[in-house]
Number of protein chains: 2
Amino acid sequence: MALKPGNPPPDTGDEDIIEPLCAVFRRSLREEGLKYTPERAQILDSIIELDGLFEAEQLLEEVKSKGFRVSKATVYRTLKLLEDSGIIQRVLFDRDQSHYQLAYGRRGNTLLVRVDTGEVEVLELPELVALRDALCKARGLKPEGHRLQIFATSTK
Amino acid sequence: MALKPGNPPPDTGDEDIIEPLCAVFRRSLREEGLKYTPERAQILDSIIELDGLFEAEQLLEEVKSKGFRVSKATVYRTLKLLEDSGIIQRVLFDRDQSHYQLAYGRRGNTLLVRVDTGEVEVLELPELVALRDALCKARGLKPEGHRLQIFATSTK
DNA sequence: CTTGGTGCAAACATTTTGCAGCACA
DNA sequence: TGTGCTGCAAAATGTTTGCACCAAG
C-alpha cells in the first residue's frame, strides 16, 4: 500500500520562533537550489495574512485581492514547497479539499472543529503527545507526528 | 465556512455488537424508505471480506472478483448510505483518496500509521476519549466524535 | 546559454450526477 | 403506474503537468 499522507505534522519543539518566516522559506529554498521569487513571497505573505486555516482557492483570492497576479498553478506549486519547508502543513479534515495552516514553530496538529458553526480552534495537548509517545515506545516505534481532530457542537 | 468533514466518527458505545451488519443496514435503509438490493448486499459483503481499511476502487475490484457486476456509481452511492448508517466511516488520512473502514460498534477513530511500511493499526484509547470529553466540557461543548492518526516508523 | 519560474490550458483522479431503462410494490 | 435502483457516460471538483516563454546568473 503506497500511502501519501502528506507530510506528517512535523514535531517541532515548543521554542518560540522569532526568525521571520520569509527568511526560513528563503533558506529552505536556497538549500534546494531554488529561488525566492516575488510570487513565492507574495503567496507566503498572503498566508500570514490569512492567519489560520485556509484552502488553496481562498489563498489564490487573497493573493489576487492584494493586486498580485499569480496563477493557480503557482499557488499549488508554492504550497508544496512551503509544506516541504515545514512552514505550513496540510490538515486533511474535509473530504472535499485540503486545508492548510501555518505550522512552523507550532504543534498545530490538534484541532477542535465545531461542526455546527464551522469554527476551528487549534489546541495544544501535551497529554496527547505523552500518550502517543508511550504508545509508540511500547511497540518499538518512533513517533513522527500525529493529527487529531475533535468534533463538537454547542451543548445549549 | 461550510465544512463537510464527512460524518464525524460516530460515538458508539463499547457494547459488543452481535446483530449482523446486513440486518443493521437493512433496517437503516427501511427507515429511509430505501431498499436492500442485491447490489447493496454484495457491496456490504465485500466490505466485510476486505476487513480493514479500503478505498472505493479496491472495493469495486473485490465486488467484481466475486463475480458480481456492480457499477462504480453504485459503489459510491452505497458507500454514502453505509456511512449514513454508521456502518462504515471515512478515514481521511491520505491526501489522494478517501479510505473507509467498518465502524459499527467500534471506536475505530484512532489509527497508528506506520509511514515506512504503510501498515495501519486501529487503536482504542479511552484516555483520549476522557481527555477529549474534559476538554469539550470545559468549553461548554458536546463532543461528537474525533479522529486521531499517529504517524510512526520503526526504531530499528 | 543554462537553470529555474511562470501562466495558461490541458490532463488527471476521484467522486458525483443526469438520464434512460428496469424491477418491484 | 409510481418509486426507487442501476449502469453508463458525462460532468464536476481539486490538483497536477506539459509547454512555451521569460528572467537572472
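Letters A, B, ... mirror the listed sequences (proteins, then strands); counts begin at 1.
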Phosphate-side-chain proximity, Ser98(A) and dT15(D), N/O vs OP1/OP2 below 4.0 Å: yes

dT15(D) phosphate, OP1 or OP2, under 4.0 Å from Tyr76(A) side-chain N/O: yes

Name of the residue among Leu79(B), Thr78(B), Val63(B) meeting side chain to side chain contact (heavy atoms under 4.5 Å, CB included) with Ile47(B): Leu79(B)

Under 4.5 Å between any side-chain heavy atoms of [X] and [Y], yes or no?
{"X": "Glu32(A)", "Y": "Asp84(A)", "result": "no"}
{"X": "Leu141(B)", "Y": "Thr153(A)", "result": "no"}
{"X": "Arg147(B)", "Y": "Phe151(A)", "result": "yes"}

Which whole-number value in Å describes the distance from [X] [atom1] to [N] [atom2]?
{"X": "Tyr100(A)", "N": "dG14(D)", "atom1": "OH", "atom2": "P", "answer": "12 Å"}
{"X": "Glu39(B)", "N": "dG4(D)", "atom1": "CD", "atom2": "C1'", "answer": "12 Å"}
{"X": "Arg40(A)", "N": "dA24(D)", "atom1": "CZ", "atom2": "C1'", "answer": "14 Å"}
{"X": "Leu81(B)", "N": "dC5(D)", "atom1": "CG", "atom2": "P", "answer": "8 Å"}
{"X": "Arg69(A)", "N": "dC22(D)", "atom1": "CZ", "atom2": "P", "answer": "16 Å"}
{"X": "Lys80(A)", "N": "dG14(D)", "atom1": "NZ", "atom2": "C1'", "answer": "12 Å"}
{"X": "Lys35(B)", "N": "dT6(D)", "atom1": "NZ", "atom2": "P", "answer": "10 Å"}
{"X": "Lys72(B)", "N": "dA12(D)", "atom1": "NZ", "atom2": "C1'", "answer": "14 Å"}

Cluster check Leu128(B), Leu135(B): I/L/V/M/F/W/Y, side chain < 4.5 angstrom: yes

Verify same cluster id: Leu29(A), Val70(A) (apolar side-chain graph, 4.5 Å): yes

Presence of donor-acceptor pair under 3.5 Å, side chain of Arg77(B) and base of dG7(D): yes

Flag if over 12 foreign heavy atoms under 6.0 Å of NZ, Lys137(B): no

Selection from dT6(D), dT15(D), dG7(D) that lies nearest to any side-chain heavy atom of Thr37(B): dT6(D)

Sugar-phosphate only, base, or nothing, as touched by Glu57(A) at under 4.0 Å among non-hydrogen atoms: nothing

Separation of Leu112(B) CG from Cys136(A) SG (nearest 0.5 Å): 5.5 Å

Degree of bending, the helix from dC1(C)-dG25(D) to dA25(C)-dT1(D) (end axes from five pairs; round to 10°): 0°

Range on DNA chain C touched by chain B - first to last nucleotide, heavy-atom distance under 4.0 Å: dT14(C) to dG18(C)

Position toward the 5' end of DNA chain D (nearest nucleotide), Glu32(B) or Val75(B): Glu32(B)

Aromatic ring pairing Phe54(A)/Tyr100(A), orientation class (parallel under 30°, perpendicular over 60°, tilted between): parallel

